[in-house]
Peer 1: 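Quick one: structure below, then a few questions.
Ligands are counted one by one from 1 in listed order, and the atoms in each one are counted from 1 as well. All values derive from a computational prediction rather than experimental measurement.
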Amino acid sequence: MNILVTGGAGYIGSHTCVALLKQGHSVIIADNLSNSKSETVMKIMDIANKEVTFYEIDVTDAEAIDSIFRNYKIDGVIHFAGLKAVGESVDIPLNYYYNNIVSTMVLAKACQKYNVNRFVFSSSATVYGDNKVPFVETMDLLPTTNPYGETKAMSERILTDIAKANPEFSVALLRYFNPVGAHESGLIGEVPNGIPNNLMPYVTKVAKGKLEKLRVFGNDYPTIDGTGVRDYIHVLDLAEGHVAALDNLKIGAHVYNLGTGQGTSVLELVKAFEEANGTEVPYEILERRPGDIASCYADASKAKRELCWTAKRDIISMCRDAWHFEKNYKE
Ligand code: NAD
Ligand code: UD1
């Protein structure tokens with residue numbers, strides 16, 4: 001199939017493009033490179049040993065998107081393009097609402113006009129808010145405390161309403177847990193802007209000596225060792241989850257958790273990283289980070305049942321591949 005991958009030069013998108021190419025799909029990437037580099041597109045082609053078509057365009061640009069749909073027979077869309085920094089979304093909410101919502105609507109309109117009925121959307125476990133773990137797709141969503149989370153919940157609603165109104169439309173709303181790791185080649189991975197906010201990229205920078213020590217945000221949560229628990233998922237498993245979602249799309253809107261179902265605390269992750277890589281990760285305990293919840297992990301049984309997909313890679317391989325990429329990466 002010809003798959004339009006928006007945000008395909010980004011972290012999760014690039015790994016998914018490789019997985020799609022491996023499965024024999026053709027890939028057209030639309031990315032404005034606001035948080036990625038064109039070299040990544042070359043690396044995708046190197047890894048997969050296949051060509052991809054790349055357009056440096058903004059997905060909110062309806063004209064530019066229309067011309068792609070006009071020129072190619074698009075069979076399906078995977079929509080990754082979006083802004084994703086939670087803290088930044090509080091400071092510049094309008095950029096987040098505009099970018100993340102308008103891009104979804106522009107794509108949905110083009111799909112309607114060109115009768116493209118396969119759509120896969122990047123949502124986030126953040127839409128569950130501070131619910132009871134494990135998070136199940138049927139739970140009522142709790143309000144998120146930031147505009148980023150709102151854009152995900154709203155995009156889910158928009159796509160769900162479109163599916164209700166169009167009996168031919170099929171959309172998978174994929175709620176990712178915490179993607180980490182990198183392709184085993186070390187060629188593509190996560191490249192955060194500036195000082196990382198997220199745990200794994202921070203840990204790899206500490207291991208590399210670029211940052212002095214990890215700041216562990218709180219050790220008084222009701223968890224195994226008092227530190228926050230998350231469901232880390234290898235980005236390669238996540239990428240394969242997208243191929244499975246595309247292969248198993250069914251009419252209507254369907255929500256799937258993409259996680260391992262396994263919780264790991266901050267200190268457990270530090271220990272796993274040290275064990276996997278034989279490096280030290282010095283840390284200090286600080287206050288809780290505002291907005292954080294104690295525990296977040298998936299009930300991943302629906303994706304297993306309906307998409308025939310489960311995450312296969314363990315926390316050790318996530319730590320090993322994240323470190324392999326960071327060591328290789330030239331700033
Ligand atoms: P990323 O920033 O690495 O990739 C997003 C890509 O989209 C970038 O290449 C960026 O240049 C591009 N982009 C952004 N706005 C665009 C626009 N208007 N037009 C064209 N391109 C645009 O992020 P990622 O980690 O790969 O995340 C991909 C998607 O998954 C995002 O929608 C994100 O919100 C969602 N998500 C990510 C995580 C995570 O932890 N990484 C968790 C849950 C959900
Ligand atoms: C964050 C986002 C979430 C998003 C997810 C994507 C917030 C509040 N939430 O989730 O919306 O979907 O990223 O991956 O930003 N930690 C430290 N020290 C650090 C960094 C993190 O101790 O330097 C701890 C956190 O307190 C948390 C865990 O590590 O317990 C994971 O944090 P992080 O990687 O930022 O992800 P989330 O907070 O789960």
Peer 1: Would you say Tyr148 and ligand 2 have an N/O pair spaced under 3.5 Å apart?
Peer 2: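 Such a contact does not occur with ligand 2.
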
Peer 1: Run through Val229, Thr260, Thr264 and flag the one making a side chain to side chain contact (heavy atoms under 4.5 Å, CB included) with Tyr297.
Peer 2: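 So, applying the side chain to side chain contact (heavy atoms under 4.5 Å, CB included) to Tyr297 and each of Val229, Thr260, Thr264, only Val229 qualifies.
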
Peer 1: Could you check atom 38 (O) of ligand 2 against the protein and tell me its nearest heavy-atom contact, residue, atom and distance included?
Peer 2: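 Checked against all protein heavy atoms, atom 38 (O) of ligand 2 sits closest to Arg289 NH2, 2.8 Å.
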
Peer 1: Answer yes if the side chains of Asn257 and Tyr128 hold a donor-acceptor pair under 3.5 Å, and no otherwise.
Peer 2: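 There is such a pair (donor and acceptor under 3.5 Å, judged by atom type) between the side chains of Asn257 and Tyr128.
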
Peer 1: Can Tyr176 and Ser122 be counted as having a side-chain donor-acceptor contact under 3.5 angstrom?
Peer 2: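 Tyr176 vs Ser122: donor-acceptor pair found between side chains.
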
Peer 1: Consider ligand 2: state whether an atom of it lies below 4.0 angstrom from any non-hydrogen atom of Tyr232.
Peer 2: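 Contact check Tyr232 vs ligand 2: positive.
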
Peer 1: Using distance alone, decide if ligand 2 has a nitrogen or oxygen within less than 3.5 Å of any nitrogen or oxygen in Asn198.
Peer 2: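 By distance alone, the answer is yes.
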
Peer 1: Stepwise, does the side chain to side chain contact (heavy atoms under 4.5 Å, CB included) test hold for Lys327 with Lys208?
Peer 2: CA-CA 7 Å; Lys327 270 192 304 184; Lys208 207 178 185 182; 5.8 Å; no

Peer 1: Report the nearest protein non-hydrogen atom to atom 27 (C) of ligand 2: residue, atom name, distance rounded to 0.1 Å.
Peer 2: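 Going atom by atom, the protein heavy atom closest to atom 27 (C) of ligand 2 ends up being Arg230 NH2, 3.7 Å.
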
Peer 1: Which heavy atom of Leu173 sits nearest to which heavy atom of Ala253, and what is that distance?
Peer 2: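 For Leu173 and Ala253, the tightest heavy-atom pair comes out as CD1-CB, 4.4 Å.
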
Peer 1: Near ligand 1, which residues have a heavy atom under 4.0 Å away from one of its atoms?
Peer 2: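 Residue list for ligand 1: Gly7, Ala9, Gly10, Tyr11, Ile12, Asp31, Asn32, Leu33, Ser34, Asn35, Ser36, Ile57, Asp58, Val59, Phe80, Ala81, Gly82, Lys84, Asn99, Ser122, Ser123, Ser124, Tyr148, Lys152, Tyr176, Pro179.
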
Peer 1: Nearest protein heavy atom to atom 25 (C) of ligand 2, by residue and atom, and its distance?
Peer 2: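 Ranked first by proximity to atom 25 (C) of ligand 2 is Asp292 OD2, 3.4 Å.
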
Peer 1: Quick one: salt bridge (charged side-chain N to carboxylate O under 4.0 Å, His left out) partners of Lys312, sequence neighbours excluded?
Peer 2: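 Counting only residues at least two positions away or on another chain, Lys312 forms a salt bridge (charged side-chain N to carboxylate O under 4.0 Å, His left out) with Glu240.
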
Peer 1: As a quick check of understanding, evaluate side chain to side chain contact (heavy atoms under 4.5 Å, CB included) for Leu33 and Phe54, giving each step before the final call.
Peer 2: CA-CA 11 Å; Leu33 302 181; Phe54 171 55; 3.8 Å; yes

Peer 1: Can you say whether the rings of Phe119 and His79 are parallel (under 30°), tilted (30 to 60°) or perpendicular (over 60°)?
Peer 2: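 Ring orientation of Phe119 relative to His79: perpendicular.
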
Peer 1: Heavy-atom distances under 4.0 Å decide this one: backbone, side chain, both or neither, for Val229 against ligand 2?
Peer 2: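 It is neither; nothing of Val229 touches ligand 2.
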
Peer 1: If the cut-off is 4.0 Å to any non-hydrogen atom of Arg215, which atoms of ligand 2 fall inside it?
Peer 2: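 Contacts of ligand 2 toward Arg215, numbered from 1: 17 (C), 18 (N), 19 (C), 22 (O), 23 (O).
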
Peer 1: Could you tell me, atom by atom, which parts of ligand 2 come under 4.0 Å of a heavy atom of Asn197?
Peer 2: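 Matching atoms, with element in brackets: 20 (C), 35 (O).
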
Peer 1: Is Phe273 linked to Val266 within one hydrophobic cluster, defined over Ile, Leu, Val, Met, Phe, Trp and Tyr using a side-chain heavy-atom separation of less than 4.5 Å?
Peer 2: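 Linked within one cluster.
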
Peer 1: Numbering the atoms of ligand 2 from 1, which are under 4.0 Å from a heavy atom of Thr126?
Peer 2: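 Contacts of ligand 2 toward Thr126, numbered from 1: 11 (O).
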
Peer 1: Looking only at protein heavy atoms, identify the closest one to atom 3 (C) of ligand 2 and say how far it is in Å.
Peer 2: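 For atom 3 (C) of ligand 2, the nearest protein heavy atom is Val86 CG2, 3.9 Å.
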
Peer 1: At the 4.0 Å heavy-atom cut-off, does Ser124 count as touching ligand 2?
Peer 2: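 Right, Ser124 reaches ligand 2.
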
Peer 1: Pairing donors with acceptors under 3.5 angstrom, does anything connect the side chains of Tyr11 and Asn35?
Peer 2: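 The answer is no; no qualifying pair exists.
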
Peer 1: Quick test of your reading of the structure: of Tyr283, Phe217, Tyr202, whose heavy atom lies closest to atom 16 (N) of ligand 2?
Peer 2: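 When every heavy atom of Tyr283, Phe217, Tyr202 is considered, Phe217 comes closest to atom 16 (N) of ligand 2.
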
Peer 1: Using the side chain to side chain contact (heavy atoms under 4.5 Å, CB included) rule, take Glu184 and His324 through it: C-alpha gap first, then chi angles, then the decisive distance, then the call.
Peer 2: CA-CA 8 Å; Glu184 60 265 5; His324 182 216; 5.6 Å; no

Peer 1: Distance alone, cut at 3.5 Å: any donor-acceptor contact between the side chains of Glu88 and Tyr96?
Peer 2: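 On atom types as modelled, these side chains qualify, holding a pair under 3.5 Å.
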
Peer 1: May I ask which of Asn178, Leu199, Thr144 has a heavy atom nearer to atom 21 (C) of ligand 2 than the others do?
Peer 2: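 Going through Asn178, Leu199, Thr144 one by one, Leu199 has the nearest heavy atom to atom 21 (C) of ligand 2.
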
Peer 1: Over all heavy atoms of both residues, which pair between Pro179 and Ile12 is shortest? Give the atoms and the distance, please.
Peer 2: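 That would be CG-CD1, 3.9 Å.
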
Peer 1: Same cluster or not: Val86 versus Leu199, using hydrophobic residues (I, L, V, M, F, W, Y) connected whenever any side-chain heavy atoms lie under 4.5 Å apart?
Peer 2: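 As far as the 4.5 Å side-chain criterion goes, Leu199 and Val86 are not connected within one cluster.
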
Peer 1: Distance under 4.0 Å to a non-hydrogen atom of Val216: what atoms of ligand 2 satisfy this?
Peer 2: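 Those of ligand 2 that fall under 4.0 Å from Val216 are 22 (O).
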
Peer 1: Among all the protein's non-hydrogen atoms, which is closest to atom 24 (C) of ligand 2, and how far away is it?
Peer 2: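 Looking only at protein heavy atoms, the one closest to atom 24 (C) of ligand 2 is Val266 CG2, 3.7 Å.
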
